[in-house]
Amino acid sequence: MLKLHSMSLPAVLGASLLCVVVARAQSATPAPDNGSLDVEQLFAGTCGFCHSDGGRAAGRGPQLMNSQRDDDFLHNRIKTGKQGAMPAFGESFSDAQIDQIVKYIRALKPREG
Ligand code: HEC
């Protein structure tokens with residue numbers, strides 16, 4: 001769990017550089033300094049490739065709106081991904097940020113009009 005803290009500084013720097021590169025490649029929005037995310041933008045950039053219409057519709061991945069799964073399942077799926085289906089985002093986002101994403105998913109409503 002705390003493996004980041006036991007990494008050497010160069011390894012941590014290297015890892016965060018890699019994260020930046022990966023985040024750029026996925027056109028994610030970098031987290032603002034307060035650690036909170038613009039989840040809607042992040043989702044559109046990073047997850048929208050597979051979860052269509054902000055998670056409201058199925059794409060390569062399933063529809064997330066009205067998911068029957070519990071919060072722990074959603075959290076863990078985002079964190080660890082699924083082999084051959086969905087990338088893991090545990091290196092890109094903190095647990096608190098993943099919780100924000102789960103909240104976003106829970107708050108999804110069909111678009112008006
Ligand atoms: C490369 C395509 C891809 C990307 C990118 C992706 N997902 Fe997924 N996602 C999937 C697939 C496929 C599944 C279904 C996995 C399975 O078979 O259980 C899934 C499942 C999920 C689930 C569980 C839903 C359920 O009911 O089983 C959640 C939550 C989820 N994704 C959130 C996200 C979030 C948040 C992001 C962006 C940070 C993201 N996904 C990015 C493909 C993707």
Side-chain angles (χ1 to χ4, degrees):
M1 272 315 203
L2 292 171
K3 73 175 152 45
L4 264 186
H5 299 285
S6 60
M7 280 169 126
S8 69
L9 187 56
V12 170
L13 284 177
S16 39
L17 265 182
L18 191 70
C19 282
V20 170
V21 171
V22 170
R24 289 259 164 79
Q26 296 174 332
S27 67
T29 327
D33 286 345
N34 61 12
S36 81
L37 296 169
D38 182 340
V39 181
E40 188 160 5
Q41 262 216 3
L42 171 152
F43 194 98
T46 307
C47 322
F49 180 69
C50 297
H51 298 285
S52 300
D53 198 11
R56 291 172 184 83
R60 291 171 184 79
Q63 174 183 319
L64 301 178
M65 182 174 68
N66 298 330
S67 174
Q68 302 302 306
R69 311 281 201 177
D70 64 21
D71 285 6
D72 279 353
F73 182 98
L74 299 182
H75 187 109
N76 283 322
R77 177 65 82 234
I78 297 166
K79 189 168 176 172
T80 59
K82 181 161 175 179
Q83 184 89 43
M86 174 170 156
F89 291 95
E91 303 280 308
S92 316
F93 307 123
S94 67
D95 280 335
Q97 290 171 328
I98 294 176
D99 282 341
Q100 281 183 260
I101 299 173
V102 171
K103 257 195 209 138
Y104 161 88
I105 291 170
R106 291 295 180 213
L108 282 172
K109 298 264 184 307
R111 288 191 198 279
E112 301 287 326

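When a ligand or atom number is given, it counts from 1 through the structure's own listing order.
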Suppose we only count N/O/S atoms under 2.8 Å; would His51 qualify as near atom 8 (Fe) of ligand 1? yes
Taking 4.0 angstrom as the limit and counting only heavy atoms of Arg60, give me the atoms of ligand 1 inside it, by number and element. 12 (C)
Pro62 backbone acceptor or donor facing His51 side chain under 3.5 Å: yes
From Cys50, Pro62, Ala85, Gly55 - option closest to atom 14 (C) of ligand 1 by heavy atom: Pro62
Return a yes/no value for Arg77: is any of its N or O atoms, backbone included, closer than 3.5 angstrom to an N or O of ligand 1? yes
Numbered in order shown, the ligand 1 atoms found under 4.0 Å of a heavy atom of Gly61 are 10 (C), 11 (C), 12 (C)
Which bit of Leu64 is near ligand 1, meaning a heavy atom under 4.0 Å away: side chain, backbone, both or neither? side chain
Which bit of Ser92 gets closer than 4.0 Å to ligand 1, counting heavy atoms only: side chain, backbone, both or neither? neither
Does the pair Ile101 and Phe89 meet the rule for a side-chain contact (heavy atoms from CB on, under 4.5 Å), with working shown? CA-CA 11 Å; Ile101 299 173; Phe89 291 95; over 6 Å; no
Side chains of Leu42 and Phe93: does their closest heavy-atom pair fall under 4.5 Å? yes
Given side chains that start at C-beta, do those of Arg106 and Leu74 come closer than 4.5 Å, heavy atoms only? yes
CG (Leu108) and CZ (Phe43) are apart, to the nearest 0.5 Å, by 7.0 Å
Asp95 and Lys79, any side-chain heavy atoms less than 4.5 Å apart: yes
Distance filter under 4.0 Å to Ile101 heavy atoms, resulting ligand 1 atoms: 35 (C)
Flag, side chain of Arg60 to backbone of Phe49, donor-acceptor distance under 3.5 Å: yes
Distance filter under 4.0 Å to Ser67 heavy atoms, resulting ligand 1 atoms: 26 (O)
Answer with side chain, backbone, both or neither: which part of Gln68 has a heavy atom less than 4.0 angstrom from an atom of ligand 1? neither
